[in-house]
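A short worksheet on the structure shown next.
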Amino acid sequence: MSAGWFRRRFLPGGPLPEPRPAGPRSSPVPYHRPRFLRGSGSSPGATDASRRPDARPVRSPARGRTLPWNAGYAEVINAEKSEFNEDQAACGKLCIRRCEFGIEEDQEWLTVCPEEFLTGHYWALFDGHGGPAAAILAANTLHSCLRRQLEAVVEGMMAPQPPMHLSGCCVCPSDPQFVEEKGIRAEDLVIGALENAFQECDDVIGRELEASGQVGGCTALVAVFLQGKLYVANAGDSRAILVRRHEIRLLSSEFTPETERQRIQQLAFTYPELLAGEFTRLEFPRRLKGDDLGQKVLFRDHHMRGWSYKRVEKSDLKYPLIHGQGRQARLLGTLAVSRGLGDHQLRVLDTDIQLKPFLLSIPQVTVLDVHQLAVQEDDVVVMATDGLWDVLSNEQVALLVRSFLTGNQKDDPHRFSELAKMLIHNTQGKDNGATGEGQVSYDDVSVFVIPLHSQAQEGSGH
């Protein structure tokens with residue numbers, strides 16, 4: 001599928017303008033905020049907002065505009081970092097058509113029962129880096145990619161066990177046994193659809209950015225509810241947690257410089273030409289200086305989890321790929337894998353930025369069987385970009401959630417947006433007894449609060 005086809009089919013405003021050969025680079029899509037924020041009031045840009053973090057306006061959906069399951073949402077732009085909010089959000093229903101394999105010569109998928117749907121729900125957060133362009137593209141296209149991927153496997157999802165041949169053929173009588181031995185279940189088809197949708201969307205983003213002369217990328221955190229299960233797919237450093245009365249459960253695995261270190265170093269070891277002679281794949285506790293030449297210093301390579309010492313050579317003084325630890329770690333002269341440009345093609349991006357996939361990467365998917373939880377009224381999933389988690393721990397967020405929901409009116413359909421706003425206010429330096437001290441986030445923050453109890457009112461998702 002061509003990038004032009006995607007522009008015509010999925011992106012608002014019709015065909016995008018051709019990239020300009022000279023002058024300032026423009027974003028491949030117009031900057032905007034999520035559609036469900038319409039009517040919530042305008043948010044001043046960097047030139048209008050106060051420089052004090054606690055004065056930055058927090059936006060949430062207008063009264064009367066409800067999200068799936070009455071989920072809550074709030075966001076704030078960091079006026080000190082950039083003019084635009086690099087976070088993007090999307091949510092809505094997924095209506096999956098049931099199809100069967102056609103008999104025409106071109107063997108296309110045909111809709112045979114358009115009135116029959118498998119209905120799901122979708123929430124997504126995208127955190128851009130190098131500008132908002134990739135995040136906007138992802139917010140506009142990923143849900144369509146996912147719906148298309150799910151429609152390709154929905155017949156297998158609806159079967160008691162995914163069949164070997166979706167067309168209904170039976171080539172080998174032992175096919176059901178082989179599928180059973182592999183342990184393939186309907187949820188594996190959803191996971192595969194998510195993974196394929198990420199890759200398809202990544203291809204689109206890569207072509208769009210290249211055509212417009214843009215660089216940058218985004219993270220992606222997606223929650224999909226289908227057939228009684230919540231699928232959380234993550235690529236990047238956003239995070240989702242389940243908060244219950246006596247439980248906190250991590251629902252996503254973060255991509256950080258620490259978790260991605262060995263993969264990136266392994267690629268640099270296998271394809272040293274990608275370093276262009278400017279970087280060293282070795283990691284040191286700090287950037288080495290000329291005075292370190294000849295000294296024995298701590299280091300580690302791609303095959304090491306522990307540390308050792310080596311005598312510093314001139315080649316070690318090049319820019320390191322990784323520097324620092326934990327959430328404060330950096331990739332200097334960031335190398336990131338671009339799925340849209342080939343598995344092993346690396347690009348050098350701006351220096352001194354936190355690790356985020358160049359576009360979208362292969363996600364890590366967690367499955368939560370909601371129907372097995374005995375869901376209580378105040379059980380919620382909190383999804384947020386890293387601006388929240390840089391300031392608040394899982395335990396602090398859970399404490400704030402429980403305290404708010406205990407004292408808040410349960411019949412207020414906007415209580416979860418108020419909760420999302422409250423979480424953001426606790427990143428703006430306001431002293432709060434629940435978190436112990438006023439802490440400040442200097443990043444954009446976007447938060448979804450998804451109440452699990454609401455899904456029981458809408459059936460099992462069929």
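Note that the structure is predicted; figures quoted are calculated from it, not measured.
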Just jot down the salt bridge (Lys or Arg N to Asp or Glu O under 4.0 Å) partners of [X], sequence neighbours excluded, or say none.
X    : result
E195 : none
R402 : none
D379 : R244
R65  : none

Set of side chain to side chain contact (heavy atoms under 4.5 Å, CB included) partners for [X], sequence neighbours left out:
X    : value
F269 : Q266, R281, H302
S417 : S60, P61
V179 : Q161, M164, I184
E181 : Q177, F178

Under the side-chain hydrogen bond (donor to acceptor under 3.5 Å, both in side chains) test, which residues partner [X], sequence neighbours left out?
X    : answer
D378 : K410
R63  : D412
N394 : R239

Can you run down the salt bridge (Lys or Arg N to Asp or Glu O under 4.0 Å) pairs that involve residues 214-223, sequence neighbours left out, and say none if there aren't any? none
Tell me whether W389 contacts the main-chain N or O of A384 through its side chain, where contact means a donor paired with an acceptor under 3.5 Å. yes
For E418 and F404, the nearest pair of non-hydrogen atoms, with its separation, is CB-CZ, 3.7 Å
Under 3.5 Å, is there a donor-acceptor pair linking the side chains of T385 and D87? yes
